[in-house]
Amino acid sequence: MSDPMPFASHQNLIYLTGLAGKKPSLPVNLEELESRALEVLSPEAHGYVGGGAGKERTMQANLASFDHWQIMPRMMRDVANRDLSVELLGTKLNSPVMIAPIGVQGIVHADGELATARAAQEMGIPYIVSTASSYTLEQIAQASKEVPRWFQLYWPSDNAVTESLLQRAETAGYRAIVVTLDTRMLAWRERDLQQAFLPFLTGQGLANYFSDPAFRQGLDKPPEEDIQSAVLKWMSLYSDLSHTWDDLKFLRSCTKLPIVLKGILDPQDAKQALDSGVDGIIVSNHGGRQIDGSVAALDCLPEVVEVVADQIPVLFDSGIRRGADAIKALALGAKTVLLGRPAMWGLAIEGQAGVEEVLRRFLADFDLTMALCGCASLEDLSPEMLKTSAN
Ligand SMILES: Cc1cc2nc3c(=O)[nH]c(=O)nc-3n(C[C@H](O)[C@H](O)[C@H](O)COP(=O)(O)O)c2cc1C
């Protein structure tokens with residue numbers, strides 16, 4: 001028989017450790033965790049990780065949107081054995097939780113993405129690796145050997161570089177390509193502008209480009225000898241503002257891996273995505289980092305789910321903080337949720353152990369809340385268990 005409390009038991013461990021007089025070193029309260037993490041970061045990294053576009057109204061809206069929905073728990077249901085597993089693009093996952101792609105983790109902790117990958121491996125949680133990572137996708141693959149990992153693509157304007165990145169991801173065992181649509185250029189980010197800080201200009205977060213044979217071929221001197229020219233080259237090919245839906249055919253021709261589009265909010269775009277034959281969608285507004293005053297991602301989820309009508313999986317991020325948030329997004333039709341900033345707070349304070357602890361707590365909270373709601377598996381989640389605050 002499977003362990004009846006696979007994730008929830010972490011709560012017992014915390015209380016039992018307390019009997020020996022030991023309190024958790026990482027703050028359990030997430031808002032405190034965020035403050036503590038931001039304190040240990042440089043002012044530049046603090047602004048980069050903590051900030052968003054403009055007045056940061058979308059960031060706030062993302063969090064507030066979870067409060068519009070309230071859970072109606074059911075009693076006297078058998079939740080003794082819970083199964084939180086889910087099948088996603090042919091892979092069985094232990095839980096519907098994944099780690100969101102976050103770039104430049106080297107500014108958060110020296111071990112950066114390697115620490116996150118090791119934590120993902122330890123916890124058996126899939127990790128979506130950013131194009132803009134501080135370590136190469138091959139190094140990160142080494143650090144997360146068995147756990148499913150996906151590669152997130154910032155789609156370059158240079159087809160040879162695009163092709164090369166996708167080939168490398170395939171060779172290194174990545175199982176899907178996530179194409180981020182909402183960041184073809186960087187938004188007006190007041191905190192970063194105040195610090196006049198863009199990590200890429202010093203080569204941070206460009207490991208995948210600098211190690212790429214097609215990228216290097218376009219340089220007179222390798223990045224190790226002339227970083228300025230390499231950065232300028234990166235700026236020239238980072239993205240192509242003229243790409244449209246039709247161009248997805250090119251990506252399709254470059255890889256056999258499933259393609260998942262990240263940053264879909266409008267149901268019409270969801271329909272376009274379906275029509276263009278992609279394998280999945282991530283409803284996301286990039287954690288409010290791209291458009292100030294945009295619609296909260298959660299508020300877009302029900303309509304996107306309706307349009308997609310189970311033809312491809314719909315994933316969700318932007319504002320997931322606690323177990324109840326995951327339950328709400330899953331009940332509204334998301335197949336999995338992506339955890340973003342909270343993992344970075346753990347990374348900032350305690351490196352790999354910090355990410356691991358954040359993931360362990362998130363899963364424990366999710367599992368406990370599922371049980372308390374009367375849900376033994378993800379099939380038990382549905383929109384009917386949610387009430388809106390207007391009701
Ligand atoms: C510091 C930082 C860097 C990010 N880098 C990337 C990235 O490289 N690629 C990407 O697709 N999304 C990136 N994102 C967006 C996340 O994947 C995710 O959409 C977002 O963190 C969700 O919002 P939340 O963390 O507030 O829940 C980044 C987010 C943060 C906070």
Side-chain angles (χ1 to χ4, degrees), residues 1-13 71 73-74 77-100 116-129 144-150 173-176 178 257-258 260 279-283 301 305 308 310-317 320-340 342-343 355-386:
M1 197 175 74
S2 62
D3 180 353
M5 300 219 305
F7 300 121
S9 56
H10 187 53
Q11 185 192 44
N12 299 342
L13 187 74
I71 299 169
R74 297 296 303 273
R77 290 178 164 186
D78 180 358
V79 292
N81 287 299
R82 296 184 297 284
D83 175 7
L84 303 183
S85 67
V86 63
E87 178 147 338
L88 180 63
L89 299 178
T91 303
K92 188 172 179 206
L93 312 179
N94 293 338
S95 78
V97 179
M98 305 174 81
I99 304 177
T116 305
R118 289 180 191 126
Q121 166 73 27
E122 198 59 39
M123 296 300 300
I125 291 186
Y127 175 24
I128 308 176
V129 174
S144 61
K145 291 186 189 74
E146 294 124 38
V147 81
R149 72 193 96 82
W150 293 5
Y174 288 77
R175 299 196 197 173
V178 171
L257 296 175
V260 176
D279 304 280
I281 283 175
I282 305 178
V283 171
L301 184 59
V305 165
V308 170
D310 272 339
Q311 296 174 73
I312 53 173
V314 176
L315 283 49
F316 177 84
D317 79 30
I320 296 286
R321 296 290 176 271
R322 293 181 163 86
D325 302 334
I327 288 179
K328 291 175 187 178
L330 296 165
L332 290 173
K335 190 91 173 166
T336 64
V337 295
L338 279 48
L339 198 62
V355 180
E356 240 174 87
E357 182 59 17
V358 166
L359 295 172
R360 203 170 274 121
R361 289 177 185 178
F362 183 80
L363 286 173
D365 177 13
F366 173 58
D367 186 20
L368 285 164
T369 312
M370 283 285 288
L372 292 166
C373 292
C375 301
S377 80
L378 302 181
E379 280 83 62
D380 295 336
L381 297 172
S382 72
E384 289 74 54
M385 68 182 285
L386 299 180

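The shown structure was predicted, so the numbers you read here are calculated from the model rather than taken from an experiment.
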Would you check if the side chain of E146 reaches a backbone N or O of Q121 as a donor-acceptor pair within less than 3.5 Å? no

Is it the case that the side chain of D365 and the backbone of G323 share a donor-acceptor pair, with hydrogens and angles ignored and the cut-off at 3.5 Å? yes

Quick check: do L363 and I125 have side-chain heavy atoms less than 4.5 Å from each other? yes

Is there a donor-acceptor pair closer than 3.5 Å between any side-chain N or O of E356 and the backbone N or O of M123? no

How long is the span from the CG atom in L378 to the CG atom in L84, to the nearest 0.5 Å? 6.0 Å

For R74, give me all partners under salt bridge (charged side-chain N to carboxylate O under 4.0 Å, His left out), at least two apart in sequence or on another chain. none

Does the distance from a Lys or Arg side-chain N to an Asp or Glu carboxylate O, for R361 and E357, drop under 4.0 Å? yes

Using only atom types and a distance under 3.5 Å, with no angle test, would you say the side chain of R82 pairs donor to acceptor with the backbone of M370? no

In R118, R149, E122, the residue satisfying side chain to side chain donor-acceptor pair (under 3.5 Å) with S144 is R149

For residues 326-339, run the donor-acceptor check on the side chains, cut-off 3.5 Å, and write out each pair with its distance to 0.1 Å, sequence neighbours left out.
unit_1 : atom_1 : unit_2 : atom_2 : d
K328   : NZ     : F66    : O      : 2.8
K328   : NZ     : W69    : O      : 2.8

Sidechain-backbone polar pair: N81 side chain, D83 backbone, donor-acceptor under 3.5 Å: no

Below 4.5 Å, heavy atoms only, C-beta onward: do L88 and L315 meet side chain to side chain? yes

Given 3.5 Å as the limit, does a donor-acceptor pair link the side chain of D325 with the main chain of R322, or not? yes

